[in-house]
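Taking it in order: structure first as structure tokens, then the write-up.
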Amino acid sequence: MPKSPSLFDFHLLFLFTIFSLDAADAIAAARPITQQFKEAPQFYNSEICPKIVGEDDESDNGTSIFLCSDQSVHVAMTLDSAYIRGSMAAVLSILQHSSCPQNIVFHFVASATANASFLHPTISSSFPYLNFQVYSFDDSSVSRLISTSIRSALDCPLNYARSYLADLLPSCVRRIVYLDSDLVLVDDIAKLAATQLGDNSVLAAPEHCNANFTSYFTLTFWSSPTLSLTFANRKPCYFNTGVMVIDLDRWRRGDYTKKIEEWMEIQKRTRIYELGSLPPFLLVFAGNIVAVDHRWNQHGLGGDNFKGLCRDLHPGPVSLLHWSGKGKPWVRLDANRPCPLDALWAPYDLLQTPFALDS
């Protein structure tokens, strides 16, 4: 009589499935872009939009004044071959719902090991009139600090690039909206970009104070008086780092990249968290950020970090839909196993289908 599988057997199968999926993510990130994308329509400013003074001029160091203008809405995103389809959809959604799309400047950060000859033309061919720059991120600057997390896909060095935006972007760029690649906007990004940061706050993001904050750190962290006192005199709440408004001037003055790296160094010596690039942000900023309305990050639509099961929207209005978690809408759509909410992402998909290529 065959032996019934044990709980241990199921656990091994579960782990094998997770690591196999993450290995597929890593392979996709390394391969060149083979997908082709349609050209998006051009979007124009409304009459109320401010004109960027000297937008065709250059400063003394050769930097475009348009690129440096405080009247521009500056958006930062990472860019790689694994998530390029999501990035394209995100850009289209931002432009389509903006009152002043011509005043938006995109700052794309790509790994130095990526083939920029694929990434740059892919963006420019679908968005010929887009104001954008691509910046090279040296993986080695953070690789030595990365600890393994609950999902190996979260350990990609580019996931940590958001901590280095103040160094990567020109010093003239003083404020940015950072966005993940697995989201779409259904509202004007200028409203989010105009978030007031008060006198001292470095960043703003939707907070979720009903989440179990202690779960983001290990028992080792909470049992150490020295470490747990980090949150003394603070009321820390979870926030998702996939949508943030950041004052880069304040970040630079406070040397917050170094503060985040210091926590990553502690993590290398003593395991104090399990979840990639998020906990260092919480350690440095939780309890000290400006809270943004939840409508600006309806996150978790990709399910949890293991199975990526379907989820519903949170109650309330929606300005931004975010497929954070394991399940990505383009993957589920291609597999003919979409979640109901994936239909809200599909209209922004610019992928050129084989049928369209042949026609």
Side-chain angles (χ1 to χ4, degrees), residues 75 77 83 86-87 89-94 96-98 150-151 153-154 159 162 177-197 201 203-217 235-246 273-279 281-282 285-333 337-349:
V75 179
M77 302 175 68
Y83 283 84
S87 301
V91 172
L92 176 59
S93 72
I94 292 167
Q96 184 170 320
H97 294 282
S98 173
I150 60 173
R151 243 184 74 206
L154 299 175
N159 285 338
R162 72 197 79 192
V177 177
Y178 174 81
L179 298 174
D180 276 350
S181 298
D182 52 355
L183 54 77
V184 295
L185 274 78
V186 292
D187 202 345
D188 193 339
I189 194 171
K191 299 176 185 176
L192 178 60
T195 301
Q196 297 298 310
L197 293 175
S201 295
L203 66 83
E207 284 186 317
H208 297 272
C209 295
N210 58 339
N212 181 8
F213 189 81
T214 59
S215 66
Y216 293 96
F217 304 96
K235 293 182 178 179
C237 295
Y238 162 79
F239 64 93
N240 180 280
T241 54
V243 179
M244 297 183 289
V245 180
I246 305 175
Y273 55 79
E274 305 287 353
L275 191 63
S277 61
L278 169 65
F281 264 84
L282 297 179
F285 294 110
N288 291 325
I289 73 170
V290 171
V292 178
D293 192 288
H294 289 175
R295 70 188 303 152
W296 287 105
N297 194 355
Q298 285 268 353
H299 71 289
L301 304 185
D304 58 48
N305 278 303
F306 297 109
K307 295 184 179 180
L309 300 177
C310 297
R311 286 184 176 174
D312 295 327
L313 288 173
H314 306 293
V318 180
S319 291
L320 184 151
L321 299 133
H322 186 185
W323 278 263
S324 57
K326 183 70 177 179
K328 303 306 174 189
W330 55 92
V331 175
R332 296 192 294 215
L333 287 164
R337 291 184 294 178
C339 291
L341 291 177
D342 295 345
L344 299 176
W345 180 88
Y348 303 100
D349 186 12

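Keep in mind the model is a prediction, meaning the values are calculated, not measured.
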* Please step through side-chain contact (heavy atoms from CB on, under 4.5 Å) for the pair Val186 and Leu344, ending with a clear verdict. => CA-CA 10 Å; Val186 292; Leu344 299 176; over 6 Å; no
* Spatial distance of atom OG (Ser324) from atom CG (Leu183) [nearest 0.5 Å] -> 9.0 Å
* Which value, rounded to the nearest 0.5 Å, describes the distance between Lys328 atom NZ and Asp342 atom CG? -> 11.0 Å
* Structure fact -> On a heavy-atom basis, the closest approach of His299 and His314 is O-NE2, 3.1 Å
* Output, in order, the C-alpha distance, side-chain angles, deciding distance and verdict of side-chain contact (heavy atoms from CB on, under 4.5 Å) for Val243 and Leu192. => CA-CA 10 Å; Val243 179; Leu192 178 60; 4.0 Å; yes
* Work out which heavy atom in Tyr238 is nearest to a heavy atom in Phe213; give both atom names and the distance. => N-CD1, 3.6 Å
* Please name all residues satisfying side chain to side chain donor-acceptor pair (under 3.5 Å) with His97, sequence neighbours left out, ordered by chain then number. => Tyr348
* **Worked check of side-chain contact (heavy atoms from CB on, under 4.5 Å) between Tyr273 and Leu282** => CA-CA 11 Å; Tyr273 55 79; Leu282 297 179; over 6 Å; no
* Could you tell me whether a side-chain N or O of Glu207 sits under 3.5 Å from a main-chain N or O of Ala205, the two making a donor and an acceptor? => no
* For the residue pair Trp296 and Asp188, what are the closest heavy atoms and their distance? -> CH2-O, 3.3 Å
* Asked: Rounded to the nearest 0.5 Å, how far does SG of Cys237 lie from CD1 of Ile289?
  -> 8.0 Å
* With distance as the sole test, does Arg162 use its side chain to make a donor-acceptor pair with the main-chain N or O of Tyr178 at under 3.5 Å? -> no
* Say you draw a straight line from CG of Leu278 to OH of Tyr216; how long is it, rounded to the nearest 0.5 Å? -> 6.5 Å
* **Non-hydrogen atoms of Ser201 and Leu197 that approach each other most closely** => CB-O, 3.2 Å
* When you measure from the side chain of Ser181 to the backbone N and O of Ser87, does any donor-acceptor pair fall under 3.5 Å? -> no
* To do: Under the salt bridge (Lys or Arg N to Asp or Glu O under 4.0 Å) rule, collect the residues that match up with Asp187, sequence neighbours excluded.
  => Lys191
* Please step through side-chain contact (heavy atoms from CB on, under 4.5 Å) for the pair Leu321 and Trp345, ending with a clear verdict. => CA-CA 8 Å; Leu321 299 133; Trp345 180 88; over 6 Å; no
* Asked: So, the side chain of Ser98 versus the backbone of Ile94: is there a donor-acceptor pair under 3.5 Å, distance only?
  -> no
* **Nearest heavy atoms of Pro317 and Arg295, plus distance in Å** => O-CB, 3.3 Å
* To do: Could you grab the distance from atom CG of Leu301 to atom CG of Leu341, nearest 0.5 Å is fine?
  => 5.5 Å
* To do: Measure across Thr195 and Ala204 and return the closest heavy-atom pair with its distance rounded to 0.1 Å.
  => CG2-CB, 3.8 Å
* Structure fact -> The single option from Asp180, Val331, Val184 that satisfies side chain to side chain contact (heavy atoms under 4.5 Å, CB included) with Trp323 is Val184
